[in-house]
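We name chains A, B, ... by the order of the sequence lines, and we start the count at 1 in each one.
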There are 2 protein chains.
Amino acid sequence: MILKNQNEWALHCCSVLSWVPPERYLSTKALAEFHDVPKEYLSKALQALSQAGIVEGTLGPSGGYRLARKPSDITFLDIVEAIEGKGSTFACTEIRKNNPCRTAKHCDNKPCAVARVMWEADAAWRNTLRGVRLSDLAKTLKETVPADLLEKTGAWVVDRT
Amino acid sequence: MILKNQNEWALHCCSVLSWVPPERYLSTKALAEFHDVPKEYLSKALQALSQAGIVEGTLGPSGGYRLARKPSDITFLDIVEAIEGKGSTFACTEIRKNNPCRTAKHCDNKPCAVARVMWEADAAWRNTLRGVRLSDLAKTLKETVPADLLEKTGAWVVDRT
DNA sequence: CTTCCCACGGATATAAAATATCCTTAAATT
DNA sequence: AATTTAAGGATATTTTATATCCGTGGGAAG
Ligand code: FES
Ligand code: FES
């Protein structure tokens, strides 16, 4: 099991979009060029983010995407769930029901103990993602990425909005 | 992203194998019949558990598998990692390196901040799984599964060892 | 010693999901 | 009116998951 590469793209795109000045937009083309990924496929990820209400798009020249909310209101989980979906990573097929010793009277009012553990682990994963916001990421980047690169990148983005 | 169904099979198989009396074995055939899953494919999961040192198999009639360690020495993580592998669920493709503003002198001594968060979430997932042992599962089952079903199931297993 | 049962592992087939491209539509800008 | 762009449907390609098949050799039982 491995997460889709769309996650990495979407997370980095949201990070880039936080450079976009208010009332302006950055196009899919620019985002695809910046990350060197296929534009048409990246478009699908951005559409998912749009449907999730994380970014908003507008048409026409000078159109594109921008964040729909403040970076402090967008968590990693929001973005990952827009790409991967909200369903648990563990799918219980109720294999326990195949136990040949079971009779019809054995009802399953409680979920399987195995599934409960797996779902708990899934929740722990999501909780970690929920605990990190886009604003936290920006702060970390400021501390770890060379200032000149950050500056140039910001200019590059603003230049195309 | 969804975990393989082998995980559910392997976890339930380990649970069943904890019924096996010392010095005896339960065959793949019996495990497949018990869970109503294809024997040949289940065999692959059991081989993975065997290679991970969670179960041990023996050949010949009256052969099969049994747990290689005490249930209190086997965690959910051991089993899941035997099936899914130990690698992180998030694959970073170093997309940041495609930033057109980068120059050769920008080295990446530290991993990307995005990847660090995703790996932290992966670690949280694994930590939860590491925190539950097969012995804990047995205890939970004792509390939630009707006593008569547990007893019949145990007898079914012993009958085939 | 012979026969049968079994784990083990390689090879292959099928189904499903991820990745990627193509194309049409309609809205916003110039 | 012409151009740029998001939106989304359709389709193709690649990879992974699921499943089956078969050969090998070890171990138990007669
Ligand atoms: S029946 Fe699905 S995890 Fe137990
Ligand atoms: S470069 Fe891979 S997550 Fe940032």
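Here B:W156 pairs with B:F34 under the ring-ring contact (aromatic ring centres under 6.0 Å, His included) rule; sequence neighbours left out. Scanning for side chain to side chain contact (heavy atoms under 4.5 Å, CB included) contacts around B:E94 gives B:C92, B:R96, B:K97, with sequence neighbours left out. Under the rule for a ring-ring contact (aromatic ring centres under 6.0 Å, His included), A:W125 has no partner lying at least two apart in sequence or in another chain. Considering only residues two or more places apart in sequence or on other chains, A:N127 meets the side chain to side chain contact (heavy atoms under 4.5 Å, CB included) condition with A:R130. Under the rule for a side chain to side chain contact (heavy atoms under 4.5 Å, CB included), the partners of B:D73 that lie at least two apart in sequence or sit in another chain are B:R69, B:K70. With sequence neighbours excluded, no residue satisfies salt bridge (charged side-chain N to carboxylate O under 4.0 Å, His left out) with A:K110. Partners of A:Y25 according to the ring-ring contact (aromatic ring centres under 6.0 Å, His included) rule, which considers only residues two or more places apart in sequence or in another chain, do not exist here.
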Extract from the structure each pairing of a protein N or O with an N or O of nucleotides 4-7 of chain C at less than 3.5 Å, listing the distance.
residue: C:dC6; atom: O4'; partner: B:G60; partner atom: O; Å: 3.4
residue: C:dA7; atom: OP1; partner: B:T28; partner atom: N; Å: 3.0
residue: C:dA7; atom: OP1; partner: B:T28; partner atom: OG1; Å: 3.2
residue: C:dA7; atom: OP2; partner: B:T28; partner atom: OG1; Å: 3.3

What are the atom names and distances for every N/O pair under 3.5 Å that joins the protein to nucleotides 15-18 of chain D?
residue: D:dA17; atom: OP1; partner: A:M1; partner atom: N; Å: 3.4
residue: D:dT18; atom: OP1; partner: B:N5; partner atom: N; Å: 3.3
residue: D:dT18; atom: OP2; partner: B:N5; partner atom: OD1; Å: 3.4

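DNA chain D lies under 4.0 Å from no heavy atom of any residue of residues 85-99 of chain B.
Across the protein-nucleic acid pair, B:E40 atom CD and C:dA13 atom P stand 16 Å apart, rounded to whole Å. We find that CD of A:E8 is positioned 17 Å from P of C:dA18, with the value rounded to whole Å. As rounded to whole Å, 14 Å separates atom P of D:dT5 from atom CG of A:L46. One interatomic measurement links the two molecules: CD of B:E56 to C1' of C:dC8, which rounds to 15 Å at whole-angstrom precision. The interatomic distance linking A:L49 (CG) with D:dA7 (C1') rounds to 14 Å, in whole Å. Atom CG in A:L31 sits about 13 Å away from atom C1' in D:dA6, given to the nearest Å.
Judged as a ring pair (Phe, Tyr, Trp, His ring centres under 6.0 Å), the pairs with a partner in residues 38-59 of chain A (not counting sequence neighbours) are, in order, A:W9-A:Y41. The ring pair (Phe, Tyr, Trp, His ring centres under 6.0 Å) analysis of residues 42-71 of chain A, with sequence neighbours excluded, yields no pairs.
Looking at A:S15 and A:H12, their side chains never bring a donor and an acceptor atom within 3.5 Å of each other. A donor-acceptor pair shorter than 3.5 Å can be found between the side chains of A:E8 and B:T93.
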